[in-house]
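First comes the structure, then the notes that go with it.
Positions are given from 1, in the same order as the sequence printed here.
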Amino acid sequence: QVQLVESGGGLVQPGGSLRLSCAASGFTFRNYAMSWYRQAPGKERELVASIRSYGAYTNYADSVKGRFTISRDNAKNTVYLQMNSLKPEDTAVYYCNARFGSSTQYNYWGQGTQVLVSS
């Protein structure tokens with residue numbers, strides 16, 4: 001059974017840092033591109049960062065570029081999102097996504113982890 005389990009969210013002050021983790025199981029992790037999405041209250045879900053299966057290419061939303069870093073450890077079936085210089089507008093539920101190419105069939109989501117940036 002496919003599982004994506006996010007962890008590492010919580011409350012942090014503006015300017016602080018968090019590292020999110022997503023542990024994957026039930027599929028061949030190394031063959032999938034991984035992404036982090038987020039959904040803030042009253043807003044649609046948006047793509048935050050993506051990393052290809054081999055990890056050589058990454059993509060970031062303009063709003064997080066230079067502050068967030070996505071990485072993966074295929075040996076551990078885990079993808080990470082290092083978030084630095086956090087802003088209140090980063091407050092959202094963050095979701096892990098796995099996709100095989102552009103497939104809509106092989107496209108999996110985690111349950112989400114809450115990030116609250118507030119003083």
Linked, directly or transitively: V12 and V48 (ILVMFWY side chains, under 4.5 Å)
yes

Under 4.5 Å between any side-chain heavy atoms of N74 and M34, yes or no?
no

D90 side chain to S63 backbone, donor-acceptor under 3.5 Å:
no

On the 0 to 90° scale, with breaks at 30° and 60°, tag the Y32-F27 ring pair as parallel, tilted or perpendicular.
perpendicular

Would the distance check show the side chain of Q82 and the main-chain N or O of R19 forming a donor-acceptor pair, the cut-off being under 3.5 Å?
no

Do Q114 and L11 touch side chain to side chain, with heavy atoms closer than 4.5 Å?
no

Considering non-hydrogen atoms only, spot the tightest contact between R72 and R52 and give its length.
NH1-O, 3.1 Å

Work out which heavy atom in Y60 is nearest to a heavy atom in T69; give both atom names and the distance.
OH-CA, 3.3 Å

L81 and R38, any side-chain heavy atoms less than 4.5 Å apart:
no

Joint hydrophobic cluster, V64 plus Y95, side-chain heavy atoms closer than 4.5 Å:
no

Any link between I51 and Y80 through a network of hydrophobic side chains (Ile, Leu, Val, Met, Phe, Trp, Tyr) touching at under 4.5 Å?
no

More than 12 heavy atoms from other groups under 6.0 Å of CD on E44
no

Assess whether a salt bridge exists between D62 and K65, defined as any Lys/Arg side-chain N lying under 4.0 Å from an Asp/Glu carboxylate O.
yes

For the hydrophobic clusters of this structure (ILVMFWY residues joined by side-chain heavy atoms under 4.5 Å, transitively), does one cluster hold both V5 and V2?
no

Strictly distance-based, threshold 3.5 Å: is any side-chain N or O of Q39 a donor or acceptor partner for the main-chain N or O of A92?
no

Give a yes or no on this: more than 12 heavy atoms of other residues, nucleotides or ligands lie within 6.0 Å of atom OH of Y108.
yes

Side chain to side chain donor-acceptor pair (under 3.5 Å) assessment of N84 paired with S17
CA-CA 4 Å; N84 299 326; S17 298; 2.9 Å; yes

Is there a side-chain contact between R45 and W109 in this structure, where contact means two heavy atoms from C-beta onward sitting under 4.5 Å apart?
yes

Considering all heavy atoms, the nearest C96-V79 contact:
SG-CG1, 3.7 Å

Can you see which heavy atom on Y94 is nearest to which on L20, and at what distance?
CB-CD1, 3.6 Å

Which heavy-atom pair separates F29 from D73 by the least distance, and what is that distance?
CE2-O, 4.1 Å

State whether the side chain of T91 and the backbone N or O of V117 hold a donor-acceptor pair below 3.5 Å, judged by distance alone.
yes

Does any N or O in the side chain of Q111 come within less than 3.5 Å of the main-chain N or O of E6, such that one atom is a donor and the other an acceptor?
yes

Nearest heavy-atom contact between R67 and S85 is NH1-O, 3.0 Å

